[in-house]
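These numbers come from the heavy atoms of this one structure, side chains and all, not from hydrogens, waters or symmetry mates. Per chain, numbering begins at 1; letters A, B, ... match sequence-line order. Keep in mind the model is a prediction, meaning the values are calculated, not measured.
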Number of protein chains: 2
Amino acid sequence: MSRPTLEKVAARAGVSRATVSRVVNGSTTVAEHIRVAVQRAVEELGYVPNQAARSLVTQRADSIALVFSEPPVRVFSDDPTFAGIIRGVSTEADAADKQVVLMLAGSSRGHERVERYTTSGHVDGVIVASMHGADPLPAALARRGIPVVCSGRPLTGSSLPYVDIDNVGGAESAVRHLLESGRRRIATIAGPPDMVAGIDRLTGYRNALRDSGRRSIIAIGDFTRDSGFEGMTQLLEDDPGLDAVFAASDMMALGALQALRRAGRRVPDDVAVIGYDDVPAAPYADPPLTTIRQPTMRMGRELARLLLSPGESSVILPTELVVRESA
Amino acid sequence: MSRPTLEKVAARAGVSRATVSRVVNGSTTVAEHIRVAVQRAVEELGYVPNQAARSLVTQRADSIALVFSEPPVRVFSDDPTFAGIIRGVSTEADAADKQVVLMLAGSSRGHERVERYTTSGHVDGVIVASMHGADPLPAALARRGIPVVCSGRPLTGSSLPYVDIDNVGGAESAVRHLLESGRRRIATIAGPPDMVAGIDRLTGYRNALRDSGRRSIIAIGDFTRDSGFEGMTQLLEDDPGLDAVFAASDMMALGALQALRRAGRRVPDDVAVIGYDDVPAAPYADPPLTTIRQPTMRMGRELARLLLSPGESSVILPTELVVRESA
DNA sequence: ATGCTGGCTGAGAGCGCTCTCACACGGAGG
DNA sequence: CCTCCGTGTGAGAGCGCTCTCAGCCAGCAT
């Protein structure tokens, strides 16, 4: 029971292969009655074009890869970023009639697999959603001649097109909010210094603080809850008089909340806390977490658009401060 | 700058296409010095086989699809199930040298897309990870002649191979734990009745209760936190004297915790709470949540194994009770 | 010498499709 | 009447690969 071919459909409809191909691909130069006959034959046989054969001649795959250059744990954590990106990319790809292929390239073996897969003609382009700005994958693919766009500004100095979210601006607005509500000793739990988001959010914090002439109090975390807990604990030791903390991720903010509780500080009365990402759990935190929301879905759309219509330039998307009760 | 073909490599190495093909595909019947020469040519030209051409003749794609028949929101929620499945499938597929293609088929349009993609020869088989047991997708694909395995027992009466987790047994052990610790009026917040996990966990609850001769107190939720909150609130009205609740998902348990707190009940002193799934947030709940852990990664591995070596029969995996402080 | 293996290699067909090009056909214009 | 054109349609090449098959050249037995 092999799948029917163009040839079979043509025979059944009493026309040539070329005509069936025209109908299947929606050419207008086919007489109405023939079109109908062919469509019936397609229907009856349950014909589906063989994509391999098609790709072979067209040199297109009509699909794009969305590569997550991270371990799956991270991708499927409660970070809404990835979900939003996927939704956005899917939406846009749908509109352009392209299929989206998700790939995980967590390990170095994964990198190699992705490279082989994408260079072997499976896809027309690749979106690399990597949080590590220094990821070598995008450049490697580009060198192979594959169209690539990155989510997040690449740290490799390559001039690849990218879509990023205004991390600096987001952090600035968070710290400004703290400043405006009268906080005077504002600490931060920064993200890892090898990720753009970590770097840029710290820059934003410093910018806002410098403008107001206050000194910075910094702990370094890695975006996880545990590192937030530890960071907060350390901060409290360093400067027991602090009255606000900006955590570079909600997960770290959640950890900080816990550390604060343990230390007997009330939030927001004694210490105001503000996070980043607006994860699903943020409104359920105790107290509900004030945070920075990112337009993740729009990011996905822009990524796809950038990949599909080359020549357009990189985009930086704005963030939004969501005020709840923690600050 | 088009990609080099077999022909080019052959010319450079001074051999025929066939020989290059043999080397690339690891045939042993090639003289050592020729093999080396060919490999050098491949290296120098950066040759990567054209997968479309290869598939066209071999009728294989060397990749499998992992389809999530759910809206992305659900897939990327803090439910660790999907992440585990993905990891497991990837591991097993890697070992068999197959590529994993993730696809989201949330909408009905998505279903159609997935059907077209998988039937057009892109993949050698499909794993459908769907929580709705009555999903028509698996059967539709099977009808098309594509090898399919399901995660979760299909509710459609089809005899497709599947891998499931022992939901009934898991729920039973949860309720038994409650019973053994002296609880007498044990309620449940059940999952939606159109999902296997919802149905089976309720069955398990009923089984355990029936064995002990106690009556059941039931609220219906949809696995979300909000529905857990509402379910608990309703349960408290229905039977203010209850001293334990088994929530069919951790998210619902988290919602229940919140409702309990609001109602002034102490956990576990007044009411014991036990969840299901062991989400990442479970140990951080207040109090840390006792729950049922599922071997999700193993599930992924079994799914891949089942797809890759047909003839083996469906599998049901055991669960594990994780005792923390809420029960 | 001749015949027979057995190990390597090359020639060539063909996978299912698209797309160019030639061609058939009816109607308008010379 | 023939030419010219526009509109559909079919023939056929070829995309890059795999794989069968034939052929070649040792080396050994006859």
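Taking 4.5 Å as the limit, some side-chain heavy atom of A/Ile165 sits within range of a side-chain heavy atom of A/Pro295. Counting heavy atoms from C-beta outward, A/Ile64 and A/Leu308 have side chains that approach closer than 4.5 Å. For the pair A/Arg116/B/Gln99, no side-chain contact is recorded, criterion being any heavy-atom separation below 4.5 Å from C-beta on. Contact of the B/Ile127 side chain with the B/Ile85 side chain is not registered, since no non-hydrogen atoms from C-beta on lie closer than 4.5 Å.
At a threshold of 4.0 Å, the pair B/Glu312-B/Arg305 does not count as salt-bridged, since none of the basic side-chain nitrogens sits closer than that to a carboxylate oxygen. Of the charged side-chain nitrogens involved, none lies within less than 4.0 Å of a carboxylate oxygen, so that B/Arg54 and B/Asp62 do not count as a salt-bridged pair. Salt-bridge annotation for B/Arg40 and B/Glu43: absent, with no side-chain N of the basic residue lying under 4.0 Å from a carboxylate O of the acidic one.
In this structure, A/Phe82 and A/Phe68 have perpendicular ring planes: the angle between them is above 60°, well past the 30° mark.
In this structure, A/Arg35 atom CZ and D/dT7 atom P are separated by 18 Å, rounded to whole Å.
For the residue pair B/His111/B/Ser69, the side-chain donor-acceptor check at 3.5 Å is satisfied.
The phosphate of D/dA11 (OP1 or OP2) has no side-chain N or O of A/Ser16 nearer than 4.0 angstrom.
Remark: the backbone N or O of B/Leu306 is not paired with any side-chain donor or acceptor of B/Ser309 at under 3.5 angstrom.
Of the residues in residues 4-11 of chain A, those placing a heavy atom less than 4.0 Å from an atom of DNA chain C are A/Thr5, A/Leu6, in numerical order.
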Distances for protein N or O near nucleotides 20-28 of chain D N or O, under 3.5 Å:
none

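Between B/Leu56 and B/Gly14, the residue anchored closer to the 5' end of DNA chain C is B/Gly14, taking for each the nucleotide with the nearest heavy atom.
Here chain B contacts DNA chain C (any atom closer than 4.0 Å to a heavy atom, that is under 4.0 Å), and the contacts span C/dC8 to C/dG16 from 5' to 3'.
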